[in-house]
Chemist: 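This is the structure I want to talk about, given as structure tokens.
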Amino acid sequence: MKEQLTELIRNAVERAFAEGKLASGQTPPINIEKPANEEHGDYAVNVAMQMAKAEKKPPRAIAETIVGCIDDRQGILAAVEIAGPGFINFRIRPEAWLKTLGVVEAEGEDFGKSNVGAGQKVQVEFVSANPTGPLHIGHGRGAAIGDTVCRLLVATGWDVTREFYYNDAGAQIANLALSVQARCLGIEPGDTRWPLDGYQGEYIKDVAKAYLAHETVNADDQHVTAAGDPNDLAAIRRFAVAYLRREQDQDLQAFDVHFDVYYLESSLYEEGRVDAVVRRLVESGYAYENEGALWLRTTDFGDDKDRVMRKADGSYTYFVPDVAYHLAKWERGFVRVVNEQGADHHSTITRVRAGLQALDAGIPKGWPEYVLHQMVTVMRGGEEVKISKRAGSYVTLRDLIDEVGRDVTRYFFVMRKPDSQLVFDIDLAKQQSLDNPVYYVQYAHARICSIYENAREKGVTVPEYKDADLTRLGTPEELAIVKALASFPETVEGAALNFEPHRVTYYLQELAGLFHSFYNKNRVITEDEGLTVARLFLLKCIAQALKNGLAMLGVSAPERM
RNA sequence: GCGCCUGUAGCUCAGCUGGAGAGAGCAACGGCCUUCUAAGCCGUGGGUCAGGGGUUCGAAUCCCUUCAGGCGCGCCA
């Protein structure tokens, strides 16, 4: 609908130019918006105001001219008015609105999708937790946002690769191996032989026990049988990584999050990519030696200080493999790369981009893109639950899913703009009431299914578009629903474009609210067969939109609650 | 001290990339079930959009600044 109207206006402006009624010859971008006030119609456009300067005419006069040039061949307009400082307000004919329901049926599960991505490759990296412990709440938010962004990109026509990157060989992993080894040998935290900054969590004991028992673990990307020898540190490391990767996989599966690629930091070293990147950076002239270390002049690319690449001890800082990894992404042909990560790592953005620019590899300045999410605080019984890895008091993602369910967890994590901090209220999440927006939306879907059931018992089947006489619909509540349905694709597109899944949750709550309101005011199944069929069809469209929207969030649409 | 994020109703938060007397949910108060799920609906009250400047025909939205909160500022990842 919005698109049709945009064309109509653009044509009108161009016709005005062609007929010499307007002089500037420059068509500004047509911004159509939905006025907050209903008296201002269904849509409003501000072109006349935007053109005022170039035309050297008052906006209202320009508006008059444009309106005079509108050629509404399809007859979608009921009224056009010029209002306020120069807005052109449009009212769409109810029949035109109702026609959009045909689209909902025709597209079915695809309703809401579009093809702005045109099948181009995009890679989304998210979670990327190191295998040193179970996934915690922060990873959960990242997983929910990242996966939803992927679903939204798929829905808007992109060819999406989901990728998980992790460090399987660095200092932290060495520390992990030492911690497991200590447990194998019966050493406890606090013991003088306990490794410095060792991982103290209970789960380390489980890893040690499994290792000593020669267990075999199969993770998505790791398959290792334990050697069982507490003196073989390398074997312990391999086993511990696989074990904890498997744990994380189970968490992710419980969350319905799946990856296409697991990328190992160690492979960057094995394939010589890290050395190659350092060489290229030295050749490009942005590197220099100082105090025994090799530095990169990242300040040339907006960083606030230069960064060390190779430490005095000869090893690399983490940011070098990071650059190598992103160069590899670029070479794999991703025109777009999106990194979803916690905002506490935001300083890596400048560094990674600076490193890539210093390569002179023709990588665009703003590549890769980032979605950063702010911290999550967990509340239970009105008190904050502290998350401390070292102390072992630990709210894991799996604990949360087990306690409140996958649907609620996913929904809550994407309910807020990633930029704002999130308070996860476990008590609220567990409530099966109107306080809980997930159930509110799901209930609308279930309610519609229940009405279907009822209709079936009375011998009425769910109708198709061609069976329904939609002119029977026309109450304000019904039209409000139809208009909301028509705006679903725009909502999805906006959410995908801005990496803002919360827009979908707000949309769904609004649509569910419109339905509940309609339901309380009207009966669907009545003696009036024509009206019954028309309304059943409207409900079918609502259910479709709810289901499709929930699917984009990875949340189920139950038929019964 | 510097960088990023945030500041909107008592609480939790939207505000469609600058539009037309500022919205939703919860909480408070008052109503609606012999009829398709009351896990629902309807109504009422509630605001210096943190403060101050600026740009603009027009600012919660953009720029500057002050204040408050969070995160980050390693030859850690």
Side-chain angles (χ1 to χ4, degrees), chain A residues 31-37 39-40 44 46 49-50 52-53 58-59 83-87 89 130 132 167 170-173 197 265 290-295 303-305 307-319 321-322 342-350 372-375 377 415-423 425 428 431-437 439-440 442-444 446-455 457-458 487 490-491 494-495 497-498 500 502-503 505-507 509-510 512-513 515-526 532 535-536 539 560-561:
Chain A
N31 297 320
I32 295 194
E33 62 188 46
K34 281 183 243 171
N37 191 334
E39 287 168 25
H40 297 138
N46 63 350
M49 282 129 88
Q50 290 177 308
K53 220 165 224 174
F87 288 102
N89 295 336
N130 283 341
T132 55
N167 177 352
Q172 283 192 48
I173 300 297
D197 293 325
E265 184 179 339
N290 189 29
E291 293 179 6
L294 183 66
W295 297 68
D303 204 352
D304 56 352
K305 56 185 89 162
R307 303 293 166 179
V308 170
M309 291 197 286
R310 193 172 54 227
K311 300 183 243 177
D313 69 7
S315 63
Y316 294 115
T317 57
Y318 73 93
F319 119 89
D322 239 15
D344 53 342
H345 285 65
H346 81 265
S347 58
T348 61
I349 298 177
T350 317
L372 302 179
H373 65 261
Q374 294 289 330
M375 285 185 45
T377 42
M415 197 164 53
R416 307 273 178 251
K417 192 164 43 177
D419 279 341
S420 30
Q421 292 180 30
L422 175 71
V423 177
D425 185 338
L428 172 67
Q431 255 179 67
Q432 302 198 0
S433 71
L434 58 153
D435 293 13
N436 195 328
Y439 294 124
Y440 184 80
Q442 288 183 323
Y443 182 53
R447 203 173 219 181
I448 291 171
C449 293
S450 169
I451 295 172
Y452 289 169
E453 198 61 38
N454 216 280
E457 279 170 21
K458 293 189 173 150
S487 72
E490 299 153 21
T491 303
L497 185 69
N498 294 286
E500 290 185 342
H502 74 282
R503 295 192 190 197
T505 68
Y506 276 86
Y507 173 83
Q509 281 164 241
E510 193 192 324
F515 165 69
H516 286 311
S517 195
F518 166 80
Y519 172 88
N520 272 274
K521 223 173 279 182
N522 305 282
R523 278 194 68 78
V524 175
I525 301 165
T526 59
T532 301
R535 285 184 167 164
L536 277 173
L539 262 55
R560 187 180 289 266
M561 289 175 78

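Bear in mind that the values here come from a model prediction, so they are computed numbers and not experimental data.
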Chemist: For B/G54, does the glycosidic angle fall within 90° of 0 (syn) or outside that (anti)?
Modeler: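 You should classify B/G54 as anti.
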Chemist: List the residues meeting ring-ring contact (aromatic ring centres under 6.0 Å, His included) with A/H516, not counting sequence neighbours, and say none if there are none.
Modeler: A/Y440, A/Y443
Chemist: By side-chain hydrogen bond (donor to acceptor under 3.5 Å, both in side chains), which residues pair with A/S315, not counting sequence neighbours?
Modeler: A/D313
Chemist: Considering only side-chain heavy atoms of A/I451, which listed nucleotide, B/C36, B/A77, B/G40, is closest?
Modeler: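 Per side-chain heavy atoms of A/I451, the pick is B/C36.
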Chemist: Is there a Watson-Crick or G-U wobble partner for B/G72 with both distances under 3.5 Å, and if so, which one is it?
Modeler: B/C2
Chemist: Where the side chain of A/S517 is concerned, which of B/G15, B/C75, B/C42 is the nearest nucleotide?
Modeler: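 Looking only at heavy atoms from C-beta outward on A/S517, the closest nucleotide is B/C42.
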Chemist: I want to verify a distance call: between B/C75, B/G72, B/C13, whose nearest atom is closest to the A/V423 side chain?
Modeler: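 That would be B/C13.
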Chemist: N/O contacts under 3.5 Å, protein versus nucleotides 21-23 of chain B?
Modeler:
residue, atom, partner, partner atom, Å
B/G21, N1, A/N37, ND2, 3.1
B/G21, N2, A/N37, ND2, 2.5

Chemist: With centres under 5.5 Å and planes under 30°, do A/F87 and B/A20 count as stacked?
Modeler: yes
Chemist: A/D322: which residues meet the salt bridge (Lys or Arg N to Asp or Glu O under 4.0 Å) condition with it, sequence neighbours left out?
Modeler: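 Salt bridge (Lys or Arg N to Asp or Glu O under 4.0 Å) list for A/D322, sorted by chain: empty.
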Chemist: Looking only at the side chain of A/R416 (C-beta and beyond, no hydrogens), which of the listed nucleotides B/U12, B/U35, B/C75 gets closest?
Modeler: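 Minimum distance to the A/R416 side chain belongs to B/U12.
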Chemist: Nearest to the side chain of A/Y519, heavy atoms from C-beta on, is which of B/G40, B/A38, B/A77?
Modeler: B/A38
Chemist: Show the distances under 3.5 angstrom between N or O atoms of the protein and N or O atoms of nucleotides 54-64 of chain B.
Modeler:
none

Chemist: Using 30° and 60° as the class boundaries, would you call the ring planes of A/Y519 and A/F515 parallel, tilted or perpendicular?
Modeler: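 It falls in the tilted class, 30° to 60°.
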Chemist: Who pairs with A/Y507 by ring-ring contact (aromatic ring centres under 6.0 Å, His included), at least two apart in sequence or on another chain?
Modeler: A/F488
Chemist: How many Å lie between CD on A/Q509 and C1' on B/U12, as a whole number?
Modeler: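 Rounded to whole Å, this separation is 12 Å.
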Chemist: As a test of reading the structure: which of B/G40, B/G15, B/C75 is closest to the side chain of A/R447, going by heavy atoms?
Modeler: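 Among the listed nucleotides, the one closest to the side chain of A/R447 is B/G40.
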Chemist: Excluding sequence neighbours, so at least two apart, what forms side-chain hydrogen bond (donor to acceptor under 3.5 Å, both in side chains) with A/Q374?
Modeler: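 Checked A/Q374 against side-chain hydrogen bond (donor to acceptor under 3.5 Å, both in side chains); zero matches.
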Chemist: Let's see if you can work this out: which of B/C41, B/G15, B/C75 has an atom nearest to the side-chain heavy atoms of A/E291?
Modeler: B/C75
Chemist: If the glycosidic angle sits within 90 degrees of zero it is syn, else anti. Tell me which applies to B/C41.
Modeler: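 Chi for B/C41 falls in the anti range.
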Chemist: Is it the case that the base of B/A77 and the side chain of A/Y318 share a donor-acceptor contact (distance under 3.5 Å, atom types as modelled)?
Modeler: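 By the distance-only test, yes, there is a pair.
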Chemist: Which residues satisfy the salt bridge (Lys or Arg N to Asp or Glu O under 4.0 Å) test with A/D419, sequence neighbours excluded?
Modeler: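 With neighbours one apart ignored, the set is empty.
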Chemist: Base, sugar-phosphate or nothing for A/A446? Non-hydrogen atoms, less than 4.0 Å.
Modeler: base
Chemist: Side chain of A/V308 only, please: which of B/C36, B/C75, B/A20 is the nearest?
Modeler: B/C75
Chemist: Starting at the 5' end of nucleotides 1-11 of chain B, put B wherever the base has a protein heavy atom under 4.0 Å, S where only the sugar-phosphate does, and a dash everywhere else.
Modeler: --BSSS-----
Chemist: Could you pull out all residues at least two apart from A/E265 that satisfy salt bridge (Lys or Arg N to Asp or Glu O under 4.0 Å)?
Modeler: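 A/E265 satisfies salt bridge (Lys or Arg N to Asp or Glu O under 4.0 Å) with no residue once adjacent residues are dropped.
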Chemist: Using a 4.0 Å heavy-atom cut-off across all strands, classify A/K458 as base, sugar-phosphate, or nothing.
Modeler: nothing
Chemist: Just jot down the side-chain hydrogen bond (donor to acceptor under 3.5 Å, both in side chains) partners of A/Q509, sequence neighbours excluded, or say none.
Modeler: A/Y411
Chemist: Could you pull out all residues at least two apart from A/E510 that satisfy salt bridge (Lys or Arg N to Asp or Glu O under 4.0 Å)?
Modeler: none
